[in-house]
Structures are given as C-alpha cells and as structure tokens.
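Working notes for the structure below.
Just so it is clear, the model here is predicted, and its values are computed rather than measured. Numbering of ligands and ligand atoms starts at 1, following listing order.
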Amino acid sequence: MSGGQGTANEQERGLLDLLTLIAEGITELVGFQVAVISVARDDGWLHRLAIAGSEDARLALEGTRTPIDALGEELESADDWGLFKFVPHERTSGDFPFSWIPDLPESDEADAWHPLDLLLAPLLDAEGRLRGTLSIDMPTSGRRPDAAQRQMLEKYAEQTRRAVLTALEREHLAEQLRLAQTARDIVRRASAELDVARLLEVARHALAEGFRAHSVWLEIFARDDVSDGHLFAHGDVADVPRELLDLAERQAREAWVTQRAIPLSRDDVSYLFVPLGAGQECLGSLTLVRAQEVSDWADVECLTALDVGHDLGRAILNARVYEEERRLHAELRTVDAYKSQLIATVAHELKNPLTSVMGNLGLLETIDVVNEAGSRQLAAARRGADRMSQVIDSLLLLSALNRADRVASSERIDLVRLVGEAVELTAVMVDQRRQQIRMELPDHPVHVRGDAAELERVVVNLVSNAIKYSPDHATIVLAVSVGGDRCVVSVADQGIGISPEDQDELFSEFFRSTNPVAHTQPGTGLGLSIVRRIVDRHGGRIRVTSQLGEGSMFRVELPRETSLDQDRHAVA
Ligand code: ADP
C-alpha cells in the first residue's frame, strides 16, 4: 500500500473523530446532554460511532449497534418534525434497542422530557437511502424542545447529514482506492513474469477482487500476421460476445490516445474500458465489469486502472521481446545445426578423393619418372594436398566437437605432463624459427578431468599460433598455475598482437585477422574455434589479452580436480 491513503483502521478513526466533533457541537449548542451519530453499514446494522455528552451514555452505547429494520418500525408512529422524528414515550415500543434510557426523575409537566422519549434524525442520501442517524437525548432544560430549539435542530440535522455523507463518501473512495492499489501492486509484482498467460492469470484474479468486478476480460490484440489475439476472461461471463469485445477494443484504442480509462453504463452494468499499452502502441484491452448497484467507477479507480494498463502493457511488451528472442535463438540453432551438417558432409565428400590424390602423389614421389621441374611441381602439389587435408581434418573435428556439449571420455590428466608433451610436438616449428619456449610449471602434478587428446590439441594450437605470429628469435612463455579449484594454462608471446575489434571475433569459425602481417602465415581460421569448443566442453573458459604490435596472451582456465572429486571418483 503506498503512503497517504491510510489503512482501513486509520480511515475508521478519521471518520470517528469527525463525527464525534459534530456530536459534541450539537450537545453544546442545542442544549442536550447526549448526541449519538450512527452509521448504516452493509451488514444491515446501524453502528453507533460517535457519542457525545454524558459519560454514562458513552460507556453504555460505545461499540453497540442496532438493526436498521427495527428503526423503520419504531419511526412509523413518530411525529414528523422535519428532518427529526419524535416518538413520545407513550408511543415507543419500549423494547426498542435504539437509545440509552437515561436515569431521569419523571415529571408531571406536559412538556417534560421522558426517559423513553425518542428524538432521532434519519440521515438519507440523495437516493433516499438511509446512511446513518443522529439521535439526541436528555435536554438540559428537562423539557421537550420548543419551536426555536426545533428550528436549530433542523439546521444541525442537515449539517450532520452532509458531514456524514461526505465522510462516508471519502471513506468509500479511500477504500476503493486501497483495493484498486492493492490490485495494482499485485499486477506490478507479477509483471516481471515473462509468460503472459501466467501473468494474466494472476492479474485477472487480483483485478476482479481489487476493483470489485464480477467479470474481467483481458484481450491482447492480434499483431498483423504475427500472432493471433488472446482473450483471458475471468468471472461469470465465460463466453464474451464478440460485439462487446469489439466495443472494448475500440474503446481501449481510443482510451490509449487520450490516456484515460473509459467508464460506460449499459443495461444495469458498469463497464470500465482500460487500454493496455506501452509507448505509442495500444497492445490490448482490459475490461472491468460490475453491476451498477455496486457503485459507479470512481475517478481514483479509473486512474489506478490506467496505471495497471501501463504496467500490463510493459509486461506484454517484455514478454513479446523475450518470446521473439527465444524464437530467433531456436532459429539460429537450427541454422547452426544445418551449417554443421553441411560442413561435415562436404568434408567427408572431399576426404575420399583427397585420399586418392595423396596416395597417387606418394606413388609419384617414389618412382623416378619426373625431371627437376616436374618434382618442384610435385612438391607444390604435395603442399597443397597437405594443406587441404589439414582443413578437412579441422572441419571434421569441429563438427564432431559440435555434436556434444560435454567431453565423451573423462580421464584423469596431469596438466603439467600434458603441456610438456604438447610442446615437444611443436619443437620442429620452434627450431625453424629459432625461437625459444620458456616453461613456467609447478613442481607438482595438476589434475583435471577430460579428454587428453583434445586438451593436447588446445595447447598445441595455442603454442603453434604463438610461434606463427611471433618474429624469429622470439621467446614464448608457457605457464601452468593453480588457484583454488581452477587451474590456468597460459601462452604468452611478443608477436604481432591482435586489435580489439579482431579480439571480439577471434573464436568464430573461419575468422582470420584483418592484420595483413598475419596473412603471411598459412592458416584456416579454424584453430581457435576448435580450441574454444574443447575448452567449453571441459567446463572451462578461454580469454585473450593482447596489444597490437606488442604481443598476446591466451589464458585457458579449467576446473581442477580436487581431492574431494578424486574421492568421489574412487567411490563411483
Ligand atoms: P589460423 O589458422 O588462421 O591461425 P586461428 O583460429 O588459430 O586460425 O586464429 C585465428 C586468427 O587469430 C589468426 O588468423 C590470427 O590472425 C589471429 N591469432 C591467433 N593467435 C594469434 C597470436 N598469438 N598472435 C596474433 N594473432 C593471432
């Protein structure tokens, strides 16, 4: 509940203070020892709210109530004094439980006030409905009011009537606002829900209660060719006539433009048409329906309903964006799967003829049928075929890696050993470039779980790149370190470096740097995407830091096998 409206108890107290003030004024100004203001409630009882004057009367009457029906019967025999009705004691039923019977000495005088005399003003609203009563007792003079006093009483009765009606109206409005805002709070909290059907399920119940509506219809308009509309009904109208829905849509669209909720009464039913929208767009309609006799739509309700329309509109839009994202994501996955399939098929198809080409090249190389120029061409053909074979192998590997998110085999691997062995595979390249590899390895094993061949490939690829993209005589640093339950393999070089834009794309398939220096080296653009895929499959991650012209560092972080994991594996 937002501040400023007060709780139901605070409202009751506010009303009570006001009525007590009025009652006290009457006792003092008109000369009666007791004035009681009662309020008619929906439960069929008149509740005595304000009692002024005599302390005895207050103690006896406070918190008590009288049935509304009994009042009507009692007043049938009353003298009509205008707003006040007077029932002399001889005509009262005697057991009418409306007033307090004061302990007064009886008098023989004709106009003396009798303890059982009843003087009461029913407080009616514009429609003639009883909203409360003002009753007074024990005139200080000890006599029934004379003409002058009755005139004053008439004035105060009218003032009291107006004050009670205003106070009740205020109380009613505050209650309506409280209910509507409670509904809005519920809807707003539910608005984080991205499933529209579930959100509207919560919303329509809260709205029915908060707005005291017997029916709630929520319609999300169809989007041109994108989706069908949705209707969510709540309450006793299971089948909302199309004609009413069309009316609701028209009203909502108009209401969104003017930014207000539109109330409408028709056939004893009150409708409130509320637009659901966000930004310029009206996305749907909310229609609240209640019987006219409940009450008209108060301005505060219309305003709160409009706020609800904004909340729901935003929620619908969020859900739409989310839905769209999910659809695109699914589409991308399909395209991705298709692409992998295509690559795998093409690679397979190329592999067989290439094997034949390479076999025949091998034969030609062994027999002495070509001259010197011919053998240079043969060597060129061999280099081309080897490169093609590498590309095809990389493609086949990538498509195999893409097929499963996790590694198939899970052996226990000492990363320190694996790194040492991987480096040996790059020794020829290092020597050719007269480079050096400096190893910074812990003096104890560092265990990870996974596929040794795949992880070896990661290290070989990173080191090969460092060799390729560094100048001759450069030093490459290869390190293994441990931190908590993670371990890191890093490969650092002082080579050509990678621009920030290229770093973003580095791990995409077929990406080759935009740096022309990098293009002097042979490459497929598949190495790092394979590396990333393998690292992902091992639950790790890869990062690069690089400065163009200064060098690069690739860090592969992997989950380390702790002693706890080892125990678990031993048990399993
Ligand atoms: P390639 O077969 O082209 O080396 P990769 O996927 O291994 O394919 O690398 C992609 C691109 O990233 C390379 O073309 C190169 O431009 C850049 N790159 C990779 N490693 C380094 C490095 N250590 N230093 C500079 N650039 C690098």
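For the residue pair Arg412/His447, the side-chain donor-acceptor check at 3.5 Å is satisfied. In the model, Gln259 has a side-chain atom that pairs as donor or acceptor with a side-chain atom of His310 under 3.5 Å.
Under the 4.5 Å side-chain criterion, counting only non-hydrogen atoms from C-beta, Leu354 is in contact with Ser389.
Annotation: side chain to side chain donor-acceptor pair (under 3.5 Å) contacts of Glu325 (sequence neighbours excluded): none. For Tyr271, the ring pair (Phe, Tyr, Trp, His ring centres under 6.0 Å) test picks out Phe273, with sequence neighbours left out.
In this structure, Phe507 has no heavy atom closer than 4.0 Å to ligand 1. Ligand 1 lies less than 4.0 angstrom from a heavy atom belonging to Lys468. Taking 4.0 Å as the cut-off, Gly495 does not count as a neighbour of ligand 1 on heavy-atom distance.
Of all protein heavy atoms, the one lying nearest to atom 23 (N) of ligand 1 is Asp493 OD2, 2.9 Å. Ranking the protein heavy atoms by distance from atom 26 (N) of ligand 1 puts Ile498 CG1, 3.4 Å first.
Here atom 17 (C) of ligand 1 lies nearest to Leu506 when heavy atoms of Leu548, Val517, Leu506, Thr514 are compared. Between Tyr469, Phe510, Phe554, it is Tyr469 that holds the heavy atom closest to atom 14 (O) of ligand 1.
Each of the following atoms of ligand 1 lies closer than 4.0 Å to a heavy atom of Ala518: 16 (O). Ligand-side atoms of ligand 1 in range of Phe511: 10 (C), 11 (C), range being under 4.0 angstrom from any heavy atom.
A cation-pi arrangement is not found for Arg204 relative to Trp217, the charged atom failing to lie both closer than 6.0 Å to the ring centre and inside a 45° cone about the ring normal.
At under 3.5 Å, not a single nitrogen or oxygen of Ile496, backbone or side chain, sits near a nitrogen or oxygen of ligand 1.
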